[in-house]
Amino acid sequence: MSVPRVRFAPSPTGDLHVGGVRSALFNWLHARHTGGVFVLRVEDTDRARSTDEATNIILEGMAWIGMEPDEGPFFQSRRGDLYRARVQELLAAGGAYRCWCTKETIAEKRTAAEKTGTLFRYDRICRGRTEGPSPDAPFVLRAALPEEGEVVIEDVVKGRVVIRNDHLDDFILARADGSPVYNFTVVVDDIDMGITHVIRGDDHLNNTPKQMHLYRLLGAEPPVFAHLPMVHGPDGKKLGKRHGAASILQFRELGFLPDVMRGFLARLGWSHGDQEEFTTDELIQLFDLTGVRGSAAVFDHTKLEWLNGRRIREMAPMELLDLAQPFLERAGIPTDAAWLPRAVVAVQERAKTLVEIAEKLTMFVDRGPVTFDEKAQTKFLTDDSKPRLAALADALAAVETFTAPEVEAATSRFLEERELKMKHIGQPTRVALTGGTVSPSIYDVMEIFGREVTLDRLRSAAGD
RNA sequence: GCCCCUAUCGUCUAGCCCGGUCCAGGACGCGGCCCUCUCAAGGCCGAGACGGGGGUUCAAAUCCCCCUAGGGGUACCA
C-alpha cells in the first residue's frame, strides 16, 4: 500500500482560527502516525476575498503550532493552467457543459423555489444547449451530474451517508470570468496531489457527494473521507471571531504553549481513555482517525488554562524563562537580570500562562521605595506589627548568606524567641516587602530582593 | 422551508460497535475540608448526566423507530 497523503487546505480570508488548526492537527497526526505526507494547500481561488496578509497568518500560525508541511504550501491561484486543462477535458467528455443563464435569472428562480418551500436546484436548461443567445454571451461551466440514483459516502467518522442524486444540482465549476470554483479545484488538486485521506470539518460533508461525482467524472478513485465535528464557542455556535480569542495567534499572545494547544485541541473530538494530557509524541503514537467522535465540541478556555498551568509547572525553570523572553520584554522586565532564574522558580507554580509569568515577575523589577496597597497597609501595617518588622529586620541583618533557607531559619529563631507564630508576621512582612497581600513565599521574595532591599523595606514599613 | 450531521454531568469525555461487570467512570469548573506566611499548587470529600416517547429483550446508556433539540449546509464563498 502506498503512503497516506493528507492535506490541510485553508482559505486565506481571515484569521486562522482554532477550529481550522484542529483540522490541520488531525491531518498532521494522521500523517505522522502512519508515516504519511502532510501537504499544505492555500485555497485562494476567490481572489476577491483572499489576502496576502491572511496567507502569512496561516503560515505563521502553522509554524508556531509546529505543524510545518512536508509539501507545500501550494497556492491554487498559481495552478490555473491545471484547472483549465481539466475543465476542457471534462467539457470534451461531456462531464461539463456551458450555461448561459445569468446570475439574475438564477436568483429569481431561487427565490421562487424558496417560496414554494422546495429545495432549489438549477433546472439544467442549458444542459442540452450547444450555443448561447449570442456568440459573445458570457457563460459559466457546470458539472453534468446524474439525475437518478444516489451517492454513498463511507465516512470514517460519520459512518455511511447516503445522498440522493436528485438532491444535487449541476453546480458551477468555473465562473463567467473563467476562474474555477472551490468544489472543482479541491477535487482536481486532491487528485493531482495524490491525496488519499480527506480529513476536514463536517461543514464540508454536504459538498462531498458533489465532489465524489467529480472524481468519477475525472476518472479518479475518491479518497477516504473523514469529516470532523465542528468546534463551537461557549454559545454552541460554530467558533468565530465574536467568541473572543479564536485565532491561533491570539493564543500565542496570551501566553499558551504550542504543545499544550496541540494536546488540548486533539481532545476536542478525540480521546484515549481517561488520559487528559498528551505530549506530542504520545499524540502521534496514539492518534487514530477511527477514534474520532461524531459530535461537536465546545472550546473550553478554562480547561486550556489548567492544562497550560500544569505544563508550566513541570517545565525546567530555564526553559520556561527562555519561552517567556518575549513576554518579559513586553512587560518591561530586563531579560538579563541576575535575579530572574531565581524568581522564575518562585513564580512558575503560580502562573497559568506566560503572560502571567511576566505579570508576577514585575514586582521584582523596582527596588526603590514600595507603593502600598491602601487596604493592605491599614490592615497589616499596624501598631502591633510595625515594631515586629523592625525587630525582624535587625534579626535578619545578621544572616550570613541571604538565601531563602537561611532567612527562613533566622526568622524561625526570631519567632521562637518572641513566642510568635508565622501568621503574626507573614502578611505584615509581605506588605512591607511588596506593598500588597499576594506574592510568592516571603523567604523567596527576600532572597530575590537581597539583604539591602529587604532590610530597607522592612524598616521603612516599620518607620512611618 | 429543504437536505445532511449530532445527542452521557455546565464543559471535555469513558462506556455504545461485541446489550448484563454502570444505582454510569475520569477531567475542567463549582462547593467544602486539609495543608499553609498570602495567592497558587497539592491532598481528601461533595453536588452534578444517559433529551422525550415507543418498541426488541429475561435484561438497554448500549439495538430499532418516532419526536424533540442543537449544529451544519443550502453562493458565479471556501
Would you kindly give the CZ-to-C1' distance between A/R160 and B/U6, to the nearest whole Å?
-> 19 Å
Base, sugar-phosphate, or nothing for A/L268, non-hydrogen atoms under 4.0 angstrom?
-> sugar-phosphate
Identify whether any heavy atom of A/F171 sits under 4.0 Å from a base atom; if not, whether one sits that close to sugar-phosphate; answer base, sugar-phosphate or nothing.
-> nothing
A/F171 ring center within less than 6.0 Å of A/F184 ring center | no
Side chain of A/S441 only, please: which of B/C77, B/G29, B/U38 is the nearest?
-> B/U38
Residue A/R350, side-chain atoms from C-beta onward, closest of B/C37, B/C39, B/G71 = B/C39
Taking the side chain of A/K423 as its heavy atoms from C-beta onward, which of B/C37, B/G29, B/A14 lies nearest to it?
-> B/C37
Sugar-phosphate only, base, or nothing, as touched by A/V140 at under 4.0 Å among non-hydrogen atoms | base
How would you label the contact of A/E43 with the nucleic acid (heavy atoms, under 4.0 Å): base, sugar-phosphate, or nothing?
-> sugar-phosphate
Just checking A/P428: base, sugar-phosphate only, or nothing, at a heavy-atom cut-off of under 4.0 Å?
-> nothing
Over how many whole Å does the gap from A/R293 atom CZ to B/U13 atom C1' extend?
-> 7 Å
For A/K352 and A/R142, take the nucleotide of RNA chain B holding the closest heavy atom to each; which residue's nucleotide lies nearer the 5' end?
-> A/K352
A/I106 side chain, from C-beta outward: closest of B/G73, B/C5, B/C76 = B/C76
Name the closest nucleotide to the A/I172 side chain, picking from B/C76, B/A78, B/C37.
-> B/C76
Nearest of B/U6, B/G42, B/U11 to any side-chain atom of A/D300?
-> B/U11
With heavy atoms under 4.0 Å as the rule, sort A/K103 into base, sugar-phosphate or nothing.
-> base
Which whole number of Å gives the distance between the P atom of B/A14 and that of B/C4?
-> 26 Å
A/T45 near the nucleic acid: base, sugar-phosphate alone, or nothing, with a heavy-atom cut-off under 4.0 Å?
-> sugar-phosphate
Could you tell me whether A/H204 contacts a base, only the sugar-phosphate backbone, or nothing, with contacts defined as non-hydrogen atoms closer than 4.0 Å?
-> base
Searching all strands shown, indicate the nucleotide that pairs with B/C16 (Watson-Crick or G-U wobble; both distances under 3.5 Å).
-> none
Contact class for A/A297 vs. all strands (heavy atom < 4.0 Å): base, sugar-phosphate, or nothing?
-> sugar-phosphate
Spacing between A/R49 atom CZ and B/C77 atom P, to the nearest angstrom = 9 Å
Could you check which nucleotide pairs with B/C30 in any of the strands shown, counting Watson-Crick or G-U wobble with both distances under 3.5 Å?
-> B/G46
Can you name the closest pair of heavy atoms from A/I195 and A/P223 and give their distance?
-> O-CB, 3.6 Å
Test ring-ring contact (aromatic ring centres under 6.0 Å, His included) applied to A/Y83 and A/Y182, step by step = CA-CA 11 Å; A/Y83 308 134; A/Y182 166 75; over 10 Å; no
Sticking with atom C1', work out how far B/G10 lies from B/A47, rounded to a whole angstrom.
-> 12 Å
At under 4.0 Å, does any side-chain N or O of A/R310 touch on OP1 or OP2 of B/G42?
-> yes
If B/U74 has a Watson-Crick or G-U wobble mate with both distances under 3.5 Å, name it; if not, just say none.
-> B/G1
Under 4.0 angstrom, heavy atoms only, what part of the nucleic acid is A/D177 near: base, sugar-phosphate, or nothing?
-> nothing
Taking the C1' atom of each, how far is B/U11 from B/C35, in whole Å?
-> 29 Å
Quick one: label A/I442 by what it contacts on the DNA or RNA (base, sugar-phosphate, nothing), any heavy atom closer than 4.0 Å.
-> base
The nucleotide from B/U38, B/C5, B/A14 with an atom nearest the side chain of A/Q427 is B/U38
Are A/R49 and A/D44 close enough for a salt bridge, meaning some N to O gap below 4.0 Å?
-> no
Protein-nucleotide distance (A/E349, atom CD; B/C37, atom C1'), rounded to Å = 14 Å
Sugar-phosphate, base or nothing in reach of A/T437, heavy atoms under 4.0 Å | base
Stepwise salt bridge (Lys or Arg N to Asp or Glu O under 4.0 Å) test for A/D189 and A/R7 | CA-CA 10 Å; A/D189 278 339; A/R7 70 349 184 242; over 6 Å; no
In terms of side-chain heavy atoms of A/R430, which of B/U38, B/C76, B/G25 is nearest?
-> B/U38
Geometric cation-pi criterion, A/R22 with A/F26: 6.0 Å, 45° | yes
Quantified in whole Å, what is the P atom distance between nucleotide B/G32 and nucleotide B/A41?
-> 15 Å
Would you please confirm or rule out a distance under 4.0 Å between OP1 or OP2 of B/C2 and any side-chain N or O of A/R121?
-> no
Can you check whether A/T302 has a side-chain N or O nearer than 4.0 Å to OP1 or OP2 of B/U11?
-> no
A/R457 to A/F449 six-membered ring, cation-pi geometry met (6.0 Å, 45°) = yes
From NZ of A/K303 across to C1' of B/C12 the rounded distance in Å is 4 Å
Quick note, A/D46 side chain, CB onward, closest among B/C37, B/A78, B/C5 is B/A78
N/O (side chain, A/R110) to phosphate O (OP1/OP2, B/A75) under 4.0 Å | yes
With P as the reference atom in both, quote the distance from B/G46 to B/A40 in angstrom, rounded to an integer.
-> 23 Å
Passing candidate, salt bridge (Lys or Arg N to Asp or Glu O under 4.0 Å) with A/D170, options A/R142, A/R121, A/R124 = A/R124
Position toward the 5' end of RNA chain B (nearest nucleotide), A/V157 or A/G269 | A/V157
How would you label the contact of A/V186 with the nucleic acid (heavy atoms, under 4.0 Å): base, sugar-phosphate, or nothing?
-> nothing
Would you please test A/D177 and A/R175 for salt bridge (Lys or Arg N to Asp or Glu O under 4.0 Å) and show each step?
-> CA-CA 5 Å; A/D177 66 3; A/R175 303 178 178 92; 5.3 Å; no
Verify the contact: side-chain N or O of A/R175 to OP1 or OP2 of B/C77, cut-off strictly under 4.0 Å; return yes or no.
-> yes
B/A60 versus B/G53 - spacing of their C1' atoms, nearest Å = 15 Å
Hey, is the side chain of A/R22 poking within less than 4.0 Å of OP1 or OP2 on B/C12, counting only N and O atoms?
-> no
Which part of the nucleic acid, if any, lies within reach of A/C99 when heavy atoms closer than 4.0 Å are counted: base, sugar-phosphate only, or nothing?
-> nothing
Are A/E305 and A/K303 close enough, and set up right, to give a salt bridge (Lys or Arg N to Asp or Glu O under 4.0 Å), and what steps lead you there?
-> CA-CA 5 Å; A/E305 283 182 357; A/K303 190 160 186 175; over 6 Å; no
Taking the P atom of each, how far is B/C33 from B/G71, in whole Å?
-> 40 Å
Closest of B/C4, B/U13, B/A40 to the A/S271 side chain is B/U13
C1' gap between B/G73 and B/U13, integer Å | 27 Å
For B/C28, does OP1 or OP2 lie under 4.0 Å from any side-chain N or O of A/R267?
-> no
Rounded to whole angstroms, how far apart are CG on A/L228 and P on B/C4?
-> 21 Å
